[in-house]
Asks: 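First the structure, then my questions, so here it is.
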Amino acid sequence: MRHMISKFLCSILGLLLVALLSACADMKPEFAAQDLDRWTQEVLRRSFRDEKAVKVSILQQDASNKECSTAQSRGIELSEQKRKEIEDENFKTVVSPEDGQYFGDFKLGEVLAQDGRGLTWSDAIGQPNGGQCYNCHQLSAKELSYGTLGPSLYQYGKKRGVTDLKSEVSKPVIEYTWAKLWNSKSFNACSAMPRYGDHGILSQVQIKHLMSLLLDPRSPVNQ
Ligand code: HEC
């Protein structure tokens, strides 16, 4: 008798499991993903607080970041047209140097490229940020430690034929590099590189030092 009861209970449980699984299978994936996004946002909102240079508002993605991360999380590519739209929008934000001068000091550029300080909860507001370029790029041949998320920038200027910063021939490379540093999404809709100028991470003067690091023939990058 006992055996029969447990058999009966097991069949009921089995049926319930099948019903539950088919109910899950019927759920629309978009609906589930939306809920998950909402819950995740809520957990993040409740778990974090403003602390010095870090603001909870950073969790609010702008429209193009949202489009990129939604597409990436679903394993789909943005259409060529959408990418172009995002790139054009971002390119519009690029501000050329106010005094028309694109260059500073490559030695200070190297210091900035090494400097990973800034925008964390232990950084005071108003303190200048570093560029932390080495986190993602190789730059000088002498530096042993660097990240590889971005392409190597070793001999960046040399490989592009920049021998004279004042020459007209170098102008397109100079303007492209400035715009890339100002807003990396101008040329790659879903770029993983920070938008240094557009997001106020680096000042014009700091970007000029980095321009020299990348393009000045005397810089360690171009040896
Ligand atoms: C979080 C990673 C990351 C950081 C930090 C970063 N970059 Fe990048 N960068 C990338 C990636 C990825 C690419 C290539 C994809 C793209 O175009 O966005 C790239 C591309 C570039 C390019 C264009 C290269 C080419 O051949 O056209 C330049 C120039 C550049 N980065 C300079 C810098 C400088 C200077 C810094 C520091 C101020 C920096 N990057 C910081 C990730 C990063």
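Atoms within each ligand, like the ligands themselves, are counted from 1 in listed order.
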Asks: Report yes or no: do N90 and T93 form a side-chain donor-acceptor pair below 3.5 Å?
Replies: no

Asks: Should one rank Y156, W178, Y176, F187 by closest heavy-atom distance to atom 29 (C) of ligand 1, which comes out on top?
Replies: Y156

Asks: If you have a sec, work out which protein heavy atom is nearest atom 2 (C) of ligand 1 and how many Å separate them, to one decimal?
Replies: C136 SG, 1.9 Å

Asks: Where's the contact between L181 and ligand 1, heavy-atom distance under 4.0 Å: side chain, backbone, both or neither?
Replies: side chain

Asks: Nearest heavy atom to atom 24 (C) of ligand 1: which of L153, L149, D115, V221 does it belong to?
Replies: L153

Asks: Side chains of D105 and S212: is there a donor and an acceptor less than 3.5 Å apart?
Replies: no

Asks: Which of these passes side-chain contact (heavy atoms from CB on, under 4.5 Å) with L210: L139, L202, L108?
Replies: L202

Asks: Give a yes or no on whether the backbone of N183 and the side-chain of D198 come within a donor-acceptor separation of less than 3.5 Å.
Replies: no

Asks: Would you mind finding which of C133, G109, G130 brings a heavy atom closest to atom 37 (C) of ligand 1?
Replies: C133

Asks: Could you tell me whether a side-chain N or O of W178 sits under 3.5 Å from a main-chain N or O of M211, the two making a donor and an acceptor?
Replies: no

Asks: Just checking, is any N or O donor in the side chain of K159 or N222 under 3.5 Å from an acceptor N or O on the other one?
Replies: no

Asks: Can you check whether L165's main-chain N or O pairs, donor with acceptor, with S170's side chain at less than 3.5 Å?
Replies: no

Asks: Evaluate R160 for polar contact with ligand 1, using N/O atom pairs at a separation under 3.5 Å.
Replies: yes

Asks: Give the single entry among K185, H137, Q132 that approaches atom 8 (Fe) of ligand 1 most closely by any heavy atom.
Replies: H137

Asks: Show me which atoms of ligand 1 lie under 4.0 Å from any heavy atom of A192.
Replies: 1 (C)

Asks: Can you sort out which atoms of ligand 1 are near L210, meaning under 4.0 Å from one of its heavy atoms?
Replies: 38 (C)

Asks: Under 3.5 Å, is there a donor-acceptor pair between the S69 and Q61 side chains?
Replies: yes

Asks: Which protein heavy atom lies closest to atom 41 (C) of ligand 1, and at what distance to 0.1 Å?
Replies: Y196 OH, 3.2 Å

Asks: Do N129 and R117 get their side chains close enough for a donor-acceptor pair, meaning under 3.5 Å?
Replies: no

Asks: Between K52 and S122, is there a side-chain donor-acceptor contact under 3.5 Å, judged purely by atom types and distance?
Replies: no

Asks: Restricting to N/O/S atoms, is S191 within less than 2.8 Å of atom 8 (Fe) of ligand 1 or not?
Replies: no

Asks: What protein heavy atom lies closest to atom 14 (C) of ligand 1? Include the residue and the distance to one decimal.
Replies: P151 CD, 3.5 Å

Asks: Looking only at protein heavy atoms, which one is nearest to atom 11 (C) of ligand 1, and what is the separation?
Replies: G150 CA, 3.6 Å

Asks: Q132 and Q114: side-chain donor and acceptor closer than 3.5 Å?
Replies: no

Asks: Measure A113 to ligand 1 on non-hydrogen atoms and call it side chain, backbone, both or neither using the 4.0 Å cut-off.
Replies: neither

Asks: Students should be able to answer this: which protein heavy-atom is nearest to atom 42 (C) of ligand 1, and at what distance?
Replies: M193 CB, 3.6 Å

Asks: Nearest to atom 22 (C) of ligand 1, what protein heavy atom do you find, and at what distance?
Replies: K180 CG, 3.9 Å

Asks: How far is atom 15 (C) of ligand 1 from its nearest protein heavy atom, and which residue and atom is that?
Replies: N188 ND2, 3.5 Å

